[in-house]
S.K.: 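Mind looking over this structure? Questions follow.
Here is the naming used below: chain letters follow the sequence lines, and residue numbers restart at 1 for every chain.
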Protein chains: 2
Amino acid sequence: MVQHHPRANPLFLRDEELRQAIELLFYAYRDFTGEPDAILNKYGFGRAHHRVIYFVGRNPGITVSQLLRILKITKQSLSRVLSQLVREEFVAQRTDSDDRRRRMLYLMPKGEELERLLTERQSRRIARAYREAGAEAVEGFRTVLRGIINEEDRRRVTLAGSGRR
Amino acid sequence: MVQHHPRANPLFLRDEELRQAIELLFYAYRDFTGEPDAILNKYGFGRAHHRVIYFVGRNPGITVSQLLRILKITKQSLSRVLSQLVREEFVAQRTDSDDRRRRMLYLMPKGEELERLLTERQSRRIARAYREAGAEAVEGFRTVLRGIINEEDRRRVTLAGSGRR
DNA sequence: CATTTACGTCAGTCTCGTTGACATATATGC
DNA sequence: GCATATATGTCAACGAGACTGACGTAAATG
């Protein structure tokens with residue numbers, strides 16, 4: 001499907017290499033979200049609901065504004081899916097006693113169950129890839145992905161989980 | 001933000017590790033598409049147009065059905081953006097002389113220019129991450145991403161570009 | 001010549017992103 | 001205490017981009 005002759009010029013390798021990365025990211029993300037999307041469909045939810053459920057499950061007590069900073073969407077976009085999740089009892093809100101303007105978010109049993117279901121699928125996919133690739137490759141995978149993320153958000157994924165291996 | 005005590009149980013490490021991967025993918029893809037999205041906006045285009053322009057540029061002469069297999073969207077969804085790109089002269093269609101049912105797709109000058117602009121941004125981001133991570137990490141990054149992709153599509157990103165380092 | 005393939009299109013639906021304005025409750029600085 | 005800032009929610013309106021199912025046409029193919 002791609003028909004350059006290898007090494008047409010000294011820049012070829014680099015350009016080819018970078019395009020390969022672009023495509024890997026596209027295909028990987030496409031398939032990574034494909035399975036959950038299918039499940040969410042049955043619940044009448046979409047990918048946006050998944051993201052909320054995931055990050056609330058991961059950070060119990062997270063506030064709306066913190067969630068907005070993670071998702072980088074507008075208040076309105078979040079509000080639509082969040083209020084639906086609250087209405088259908090997947091997510092609970094509790095007023096923060098320290099600052100009563102804040103609403104802290106938690107998963108309810110239904111939400112935890114769905115979260116487990118979705119995360120399980122994605123984890124299985126990652127675990128398989130990790131197992132096949134080996135520990136060293138995993139470390140490289142993380143390093144490069146971290147480098148792709150805007151600097152101001154890198155800490156979000158580095159505090160926990162790395163550094164031991 | 002995450003407040004487990006490390007090593008609560010033997011499964012912790014693995015679960016934590018997998019969740020970290022999930023988050024890395026989310027943030028990386030979010031930021032990876034963020035820049036192009038902003039540019040596309042000025043053209044009145046969206047991410048779907050980007051994907052078409054990218055893959056047509058990458059595979060000159062690609063047919064509609066091949067493109068559908070890559071994007072995994074419906075004919076109707078593709079049709080909307082493709083016909084717009086053709087109408088505005090970013091993409092050209094030419095009937096295949098071998099099989100005159102097929103329409104082969106090519107970028108026109110405007111399309112090439114936009115493709116360059118978008119790919120440049122994404123490439124720059126990847127190149128920076130690659131440079132900072134080193135050759136070994138890059139190899140690991142590719143290996144793991146390939147493992148995440150559904151098997152039937154892995155060859156799409158492996159034929160060219162890998163194996164030399 | 002019947003069937004399959006490639007492509008396009010019509011109508012309708014839904015999710016999920018956007019903007020801008022406005023309302024309310026609470027916290028905070030002076 | 002009052003002005004201001006912050007956290008949240010909500011309304012109306014819009015647009016992109018995914019979906020389904022049906023139908024039509026042209027060309028290839030067995």
S.K.: Compare the minimum distances between each of C/dG17, D/dG17, C/dC7 and the side chain of B/Arg47, then state the nucleotide with the smallest one.
M.R.: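 Looking only at heavy atoms from C-beta outward on B/Arg47, the closest nucleotide is D/dG17.
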S.K.: Given D/dA18, is OP1 or OP2 found less than 4.0 Å from the side-chain N or O atoms of B/Thr74?
M.R.: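 For B/Thr74, the contact criterion (side-chain N or O under 4.0 Å from OP1 or OP2 of D/dA18) is not met.
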S.K.: Measure centre to centre between the rings of B/Phe45 and B/Phe90, then say whether the value is under 6.0 Å.
M.R.: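 B/Phe45 vs B/Phe90: aromatic centres under 6.0 Å.
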S.K.: So for atom CD, which belongs to B/Glu132, do other residues, nucleotides or ligands contribute more than 12 heavy atoms lying within a distance under 6.0 Å?
M.R.: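 Correct, the count exceeds 12.
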S.K.: Should the pair B/Asp96-B/Arg101 be classified as a salt bridge under the 4.0 Å nitrogen-to-oxygen rule?
M.R.: no
S.K.: Measure from the ring center of B/Phe26 to the ring center of A/Phe55 and say whether it is less than 6.0 Å.
M.R.: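 Yes: the rings meet the under 6.0 Å criterion.
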S.K.: Tell me the interatomic distance from B/Lys75, atom NZ, to C/dT5, atom C1', rounded to whole angstroms.
M.R.: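 Rounding to the nearest Å, NZ of B/Lys75 and C1' of C/dT5 are 10 Å apart.
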S.K.: Figure out the NE2/P separation between B/His50 and D/dA16, and round it to whole Å.
M.R.: 18 Å
S.K.: If you count every heavy atom of other residues, nucleotides or ligands that lies below 6.0 Å from A/Arg128 atom CZ, does the total exceed 12?
M.R.: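 Check passes, neighbour count above 12.
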S.K.: Measure CG/A/Asn41 against C1'/D/dA18 and give the value in whole Å, please.
M.R.: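 Answer to the nearest Å: 11 Å.
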S.K.: Specify the separation, in whole Å, of atom CG of A/Leu67 and atom C1' of C/dG17.
M.R.: 15 Å
S.K.: Within less than 4.0 Å of OP1 or OP2 of C/dC16, is there a side-chain N or O belonging to A/Ser77?
M.R.: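 For C/dC16, neither OP1 nor OP2 has a side-chain N or O of A/Ser77 closer than 4.0 Å.
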S.K.: I'd like to know if B/Arg58 pairs up with A/Glu23 as an ion pair, taking the criterion as any Lys NZ or Arg NE/NH1/NH2 lying under 4.0 Å from an Asp or Glu carboxylate oxygen.
M.R.: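 The answer is yes: the pair qualifies as a salt bridge.
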S.K.: Side chains of B/Gln122 and B/Tyr54: donor-acceptor distance under 3.5 Å anywhere?
M.R.: no
S.K.: Any ion pair linking B/Glu35 and B/Arg124 (charged N to carboxylate O, less than 4.0 Å)?
M.R.: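 Not counted as a salt bridge, because no side-chain N and carboxylate O are separated by less than 4.0 Å.
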S.K.: Report the distance from atom CD of B/Gln76 to atom P of C/dC14, rounded to the nearest whole Å.
M.R.: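 Between P of C/dC14 and CD of B/Gln76: 16 Å.
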S.K.: Can you list, in residue-number order, the parts of residues 96-105 of chain A that come under 4.0 Å of DNA chain C, counting heavy atoms only?
M.R.: A/Asp98, A/Asp99, A/Arg100, A/Arg101
S.K.: How would you list, by chain and number, every residue that makes a ring pair (Phe, Tyr, Trp, His ring centres under 6.0 Å) with B/Phe32, sequence neighbours excluded?
M.R.: none
S.K.: Atom CG of B/Leu68 to atom C1' of D/dC19: distance rounded to whole Å?
M.R.: 14 Å
S.K.: Indicate whether OP1 or OP2 belonging to D/dG17 is found under 4.0 Å from a side-chain N or O atom of B/His49.
M.R.: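 Indeed, a polar side-chain atom of B/His49 lies that close.
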S.K.: Going by heavy atoms closer than 4.0 Å, what residues in residues 78-93 of chain B are next to DNA chain C?
M.R.: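 Going residue by residue through residues 78-93 of chain B, the ones with a heavy atom under 4.0 Å of DNA chain C turn out to be B/Ser79, B/Gln93.
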S.K.: Nearest nucleotide by nearest heavy atom, which residue falls closer to the 5' end of DNA chain C, B/Val64 or A/Gly46?
M.R.: B/Val64
S.K.: What integer distance in Å separates A/Ile73:CD1 from C/dT19:P?
M.R.: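 Between P of C/dT19 and CD1 of A/Ile73: 12 Å.
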S.K.: For B/Gln66 and C/dT5, what is the distance between atoms CD and P respectively, to the nearest whole Å?
M.R.: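 Going from B/Gln66 (CD) to C/dT5 (P), I get 16 Å.
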S.K.: Of A/Gly44 and B/Thr63, whose closest DNA chain C nucleotide lies nearer the 5' terminus?
M.R.: B/Thr63
